[in-house]
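Below is one structure, written out as structure tokens, with a few remarks after it.
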Amino acid sequence: MVLRLISSIILIGLSAILSAAPVTIDSVRIWAAPENTRVVFDLNGPVEHKVTTLEDPSRMVIDFTGVTFTNSLPRPVTADRFVEQMRTSVQHKDLRVVIDLKKSAQMRSFQLPPNEKYSHRLVVDIYDAATGHADAVEVPLAEELAKVNKPVPEQEQNGSLARDVVIAIDAGHGGEDPGSIGPSRTHEKVIALIIAKKLAAKINRVHGMRAVLIREGDYFISLRDRIRKARQHKADLFVSIHADSFRDSRVSGSSVYVLSQRGASSEHAKWLAERENASDLIGGVKLEDKDNVLASVLLDLSQTASLEASIDVADRVLGGLKKIGNLHKKRVESAAFAVLKSPDIPSLLVEAAYISNPSEEKKLLSPAFQDTLTNAILDGLVGYFRLQAPENTIMAMNQGQQHVISRGDTLSDIAGRYRVSVHSLRQANGLRNDRIRVGQRLTIPTTGS
């Protein structure tokens, strides 16, 4: 009996000591974007904290209760619009972290519980008071812009200006969300961004097409914000790039998804409930003064057209992928992916390969496979828009287009520019060989076969 009592006292004492043990900050990470900077504190347990915003000079003070930190703080990148530097001090056994800011800003903070990838986290979002957005995209370096972005050209025909077909390329995951992780610790977010940038660069080399990258660096961006940014760019198509995973490492192949009808119906209901914000989905028709039935019909018509276009272009992309290797499924699949839920922009999601499969992880890291994959996706996109381009676009006006040969032009260069084969270019113009002359007019075939 005495021994039991002593044991109980010892256990109670140990519990008290353990409960009083300070929380440790294991690391601090900074993710910078033009409209926000996210600071993430990795912890070994929940933490008591208080965040204060101060001016003259602008700074944020985070006071942690009963927290220890022995590592060094990260240095913000030069392009960070908000954070100048971070510093720490200890006050009465409590930790104070000061974030010196480059300008006045707002903040929000929240704690996240452990998951399969991370332990406890405290997230502090710093963002511009003028925009009110805490999730945004990064402003790329000048050299990155030169590689990916393309000037917005206009082509005049019959007195009107035509525009490029705009394709929003979305690299899945990012920042503290690595996505799936391969056997060799390859992060899906890294592969998705590499493929997205390669695809965007190739799209920009096609006459009459222009790509915009939704995520241009390693940072977090919410799924809703991805849709919002595609709409801001007035995108004609949204393509989300991912690398699939499964518990069985033998599973392999590429997949293409569109939004399921169940996901579409839930999104339809959401937009109907927010009818005052939905006028841009149906060509500017105001819904505030429409009854529920009429508003529902108008939104349904818009969404049905978007889904039909999504399925059509997804079929073509899947056909391109079929030519380069094995498919996980031989038909376009549907699922309620949140990132595909734009009612007015045709959207598809491409699972490039299974990163959980060791051999496919190696393929995803191979520049040769990345080129082959992006060429296959591009062929599907070009094939669709050569036949289904919006009326006010260069591609629509250039169906049956002619090209005037300039000095230095070659048949292969012209074929590459218009994304058609040299064979089809010869056939359309009755050419027996590759000889062309300055001033000669070539008819550009509407398909690349």
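What you see below is based on every heavy atom in this structure, not just the backbone, and it leaves out hydrogens, waters and symmetry mates.
Comment: D125 engages R38 in a salt bridge, judged by a side-chain N to carboxylate O separation of less than 4.0 angstrom. Comment: D170 does not engage K229 in a salt bridge, judged by the lack of any side-chain N to carboxylate O separation of less than 4.0 angstrom. A salt bridge links D236 with R163; the closest basic N to acidic carboxylate O contact falls under 4.0 Å.
We find the CG-CZ distance between D315 and R331 to be 11.0 Å, quoted to the nearest 0.5 Å. Note that CD of E360 is 12.0 Å distant from CD1 of I191, once rounded to the nearest 0.5 Å. Taking CG from D244 and OG from S356, the interatomic distance works out to 7.0 Å, rounded to the nearest 0.5 Å. Interatomic distance, I99 CD1 to S58 OG, rounded to the nearest 0.5 Å: 12.5 Å. In this structure, the separation between CZ on F41 and CG on D26 is 12.5 Å, given to the nearest 0.5 Å. Remark: I394 CD1 to D164 CG distance equals 4.5 Å, nearest 0.5 Å.
Contact record, S109 with V124: CB-CG2, 4.1 Å, taken as the closest heavy-atom pair. Between Y384 and A309 the shortest heavy-atom distance is OH-CB, 3.5 Å. Across all non-hydrogen atoms, the minimal contact from K189 to W31 is NZ-CH2, 3.9 Å. Minimum heavy-atom separation, T53 to M107: OG1-CG, 3.7 Å. For the pair E55 and R59, the tightest heavy-atom approach, listed with the atom from each and the gap, is O-NH1, 3.4 Å. Across all non-hydrogen atoms, the minimal contact from P183 to I355 is CD-O, 3.2 Å.
Under the rule for a side-chain hydrogen bond (donor to acceptor under 3.5 Å, both in side chains), the partners of D177 that lie at least two apart in sequence or sit in another chain are H173.
Within the 3.5 Å criterion, the main-chain N or O of A171 finds a donor-acceptor partner in the side chain of R226. When atom types are taken as modelled, the side chain of Y118 and the backbone of L112 share no donor-acceptor pair closer than 3.5 angstrom. In terms of modelled atom types and a separation under 3.5 Å, the side chain of Y219 and the main chain of E216 share a donor-acceptor contact. Formation of a donor-acceptor pair under 3.5 Å by the E188 side chain with backbone atoms of A243 is found in this model. With N36 contributing its side chain and A33 its backbone, the two residues share no donor-acceptor pair below 3.5 Å.
Looking only at side-chain heavy atoms (C-beta outward), S249 and N357 stay at 4.5 Å or farther from each other. Residues L348 and S310 have side chains not in contact (no heavy-atom distance under 4.5 Å, counting atoms from C-beta outward). A 4.5 Å side-chain heavy-atom check between K103 and L101 finds every atom pair outside the cut-off. In this structure, V212 and V166 have side chains that are in contact, with non-hydrogen atoms separated by less than 4.5 Å. L442 places a side-chain heavy atom less than 4.5 Å from the side chain of L411.
With hydrogens and angles left out, the side-chain atoms of D80 and T37 include a donor and acceptor closer than 3.5 Å. Between the side chains of K202 and T374, at least one donor N or O lies within less than 3.5 Å of an accepting N or O. Between the side chains of S184 and T186, no donor-acceptor pair of N or O atoms lies under 3.5 Å.
Shown here is K102, whose NZ atom has more than 12 heavy atoms of other residues, nucleotides or ligands within 6.0 Å. Atom CZ of R75 has 12 or fewer heavy atoms from other residues, nucleotides or ligands within 6.0 Å.
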Check step by step if side chain to side chain contact (heavy atoms under 4.5 Å, CB included) holds for R435 and Q440.
CA-CA 11 Å; R435 288 187 203 164; Q440 181 181 359; over 6 Å; no
For D371 and K198: C-alpha separation, side-chain torsions, deciding distance, then whether side chain to side chain contact (heavy atoms under 4.5 Å, CB included) applies.
CA-CA 7 Å; D371 282 333; K198 286 196 172 187; 3.7 Å; yes
Might you work through the side chain to side chain contact (heavy atoms under 4.5 Å, CB included) test for M86 and V98, ending with a clear yes or no?
CA-CA 6 Å; M86 296 178 65; V98 180; over 6 Å; no
What's the verdict on side chain to side chain contact (heavy atoms under 4.5 Å, CB included) for I414 and I436, showing C-alpha distance, side-chain angles and the deciding distance?
CA-CA 11 Å; I414 297 166; I436 52 178; 4.1 Å; yes
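Partner of D42 under the side-chain hydrogen bond (donor to acceptor under 3.5 Å, both in side chains) criterion, out of R29, R121, H120: R29 alone.
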